[in-house]
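Working notes, beginning with the structure itself.
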Amino acid sequence: MRVTIACVGRIKEKYFTDAIKEYSKRLSRYVTLDIAEVADEKCPETLSVKEAEAVKDAEGERLMKAIKPGSYVIALAIEGKKYDSPGFSRLFSDSMVGGVSHITFVIGGSLGLSSGVLNRADSKISFSDMTFPHQLMRVILLEQIYRAFRIIKNEPYHK
């Protein structure tokens, strides 16, 4: 299975890049992993609603270009479906049984995802009602994908 994480912005903090490298290495036993980073829009601290939508739309256009044709797209969005870890692992196993060979997870920038990306998504998932920094969300997502494949393979993993 191929898993792509399409995300806005580059990771600058070493502790995040180290965690991403570690989980990417662990995941290499189970999936082919690609991380497609797109540029974030520079914007002032305070934005009008219209300006915020323009930022999300510009980032969304870049994200859409990172989504390969035929990929099953899962957007990370607060309004998405919540899973426990076994349920998240079933998302992968059911996808594989259903013939899905490529899943793309999409993580928006600090303002979230554009309506265009959300409409393109085949599914939306939420990790919490809380908001997380998108850099940290990348680490959390990778850890949960790793945990999901450990569950699928009946391999031990801490609870």
Side-chain angles (χ1 to χ4, degrees), residues 1-13 16-17 19-21 23-25 27-28 30-83 87-149:
M1 169 166 274
R2 177 174 291 277
V3 173
T4 299
I5 298 176
C7 45
V8 174
R10 297 210 178 277
I11 303 288
K12 297 172 186 82
E13 297 84 358
F16 285 141
T17 58
I20 289 166
K21 284 179 191 171
Y23 282 110
S24 297
K25 183 177 87 176
L27 274 167
S28 67
Y30 307 105
V31 300
T32 301
L33 177 68
D34 299 307
I35 298 177
E37 296 177 331
V38 303
D40 56 343
E41 279 294 296
K42 305 300 178 217
C43 55
E45 285 293 315
T46 57
L47 297 172
S48 68
V49 172
K50 186 175 180 179
E51 290 169 325
E53 289 302 315
V55 167
K56 289 194 293 187
D57 288 343
E59 292 172 346
E61 287 177 23
R62 293 183 197 118
L63 286 167
M64 293 292 276
K65 290 177 184 172
I67 298 170
K68 303 287 187 231
S71 178
Y72 185 84
V73 177
I74 301 174
L76 274 63
I78 288 176
E79 67 273 11
K81 182 177 178 179
K82 292 181 179 71
Y83 291 91
F88 189 61
S89 72
R90 280 191 299 278
L91 179 72
F92 284 98
S93 56
D94 291 350
S95 295
M96 290 184 286
V97 169
V100 173
S101 61
H102 188 184
I103 294 177
T104 300
F105 289 93
V106 184
I107 303 172
S110 59
L111 300 176
L113 291 168
S114 69
S115 58
V117 172
L118 291 170
N119 290 335
R120 166 58 184 92
D122 297 296
S123 179
K124 297 176 193 80
I125 64 170
S126 173
F127 281 82
S128 174
D129 290 331
M130 293 184 269
T131 302
F132 296 104
H134 55 280
Q135 300 93 335
L136 178 59
M137 196 63 238
R138 205 179 304 183
V139 175
I140 293 169
L141 176 61
L142 285 168
E143 189 280 334
Q144 285 298 304
I145 295 170
Y146 175 67
R147 182 182 296 266
F149 278 92

Exercise. Apply the test side-chain contact (heavy atoms from CB on, under 4.5 Å) to residues Leu113 and Val106: give CA-CA distance (whole Å), side-chain angles for both, the deciding distance (0.1 Å), then the verdict.
Key: CA-CA 8 Å; Leu113 291 168; Val106 184; 3.7 Å; yes
Quiz prompt | Contact check, side chains of Val117 and Glu59, non-hydrogen atoms, under 4.5 Å | solution = no
Self-check item: Charged N-O contact under 4.0 Å between Glu53 and Lys50
Solution: no
Quiz prompt | Ring geometry between Tyr30 and Phe149 (parallel below 30°, tilted from 30 to 60°, perpendicular above 60°) | solution = parallel
Quiz prompt | Thr46 versus Glu51, closest heavy-atom pair with distance | solution = O-OE1, 4.4 Å
Self-check item: Nearest non-hydrogen partners of Leu91 and Ser95, listed with the distance
Solution: O-OG, 2.6 Å
Practice problem: Please determine which of Leu142, Ile20, Thr4 meets the side-chain contact (heavy atoms from CB on, under 4.5 Å) test together with Leu33. | Solution: Leu142
Quiz item: Measuring from Ile140:CD1 to Phe127:CZ, what's the distance to the nearest 0.5 Å?
Solution: 7.5 Å
Exercise. Considering non-hydrogen atoms only, spot the tightest contact between Ile145 and Phe88 and give its length.
Key: N-CE2, 3.8 Å
Exercise. Please round to the nearest 0.5 Å and tell me the distance separating atom CD1 of Ile67 and atom NE2 of His102.
Key: 9.5 Å
Quiz item: Are any non-hydrogen side-chain atoms of Gln144 and Tyr83 less than 4.5 angstrom apart?
Solution: no
Practice problem: State, with a plain yes or no, whether a side-chain heavy atom of Arg62 is found less than 4.5 Å away from one of Glu41. | Solution: yes
Quiz prompt | Salt bridge Lys65-Glu61, side-chain N to carboxylate O under 4.0 Å | solution = no
Self-check item: Check: Thr104 main-chain N/O paired with Ser71 side-chain donor or acceptor under 3.5 Å
Solution: yes
Quiz prompt | Side chain proximity check, Ile5 to Leu141, heavy atoms < 4.5 angstrom | solution = yes
Exercise. For the residue pair Ser110 and His134, establish whether any side-chain heavy-atom pair is separated by less than 4.5 Å.
Key: yes
Exercise. Report the distance from atom CZ of Arg138 to atom CG of Leu76, rounding to the nearest 0.5 Å.
Key: 12.0 Å
Exercise. Please collect all salt bridge (charged side-chain N to carboxylate O under 4.0 Å, His left out) contacts where either partner lies in residues 103-127, sequence neighbours excluded, each pair once.
Key: Arg120-Asp122
Quiz item: Would you say Val139 and Ile11 make side-chain contact, with heavy atoms under 4.5 Å?
Solution: no
Self-check item: Point-to-point distance, once rounded to the nearest 0.5 Å, from CD1 of Ile74 to CZ of Phe105
Solution: 4.0 Å
Practice problem: Please name the pair of heavy atoms, one in Ala148 and one in Ser89, separated by the smallest distance, quoted to 0.1 Å. | Solution: O-CB, 3.4 Å
Exercise. Spell out, as yes or no, whether a donor-acceptor pair under 3.5 Å connects the side chain of Glu143 to the backbone of Tyr23.
Key: no
Exercise. Would you name the heavy atoms of Ser126 and Asp129 that are closest together and state the gap between them?
Key: OG-N, 4.5 Å
Quiz prompt | Spatial distance of atom OG1 (Thr32) from atom CE (Met1) [nearest 0.5 Å] | solution = 10.5 Å
Quiz item: Looking only at heavy atoms, what is the nearest atom pair of Ser24 and Ile35, with distance?
Solution: OG-CD1, 4.3 Å
Quiz item: So how far is it from Asp40 CG to Arg10 CZ, rounded to the nearest 0.5 Å?
Solution: 10.0 Å
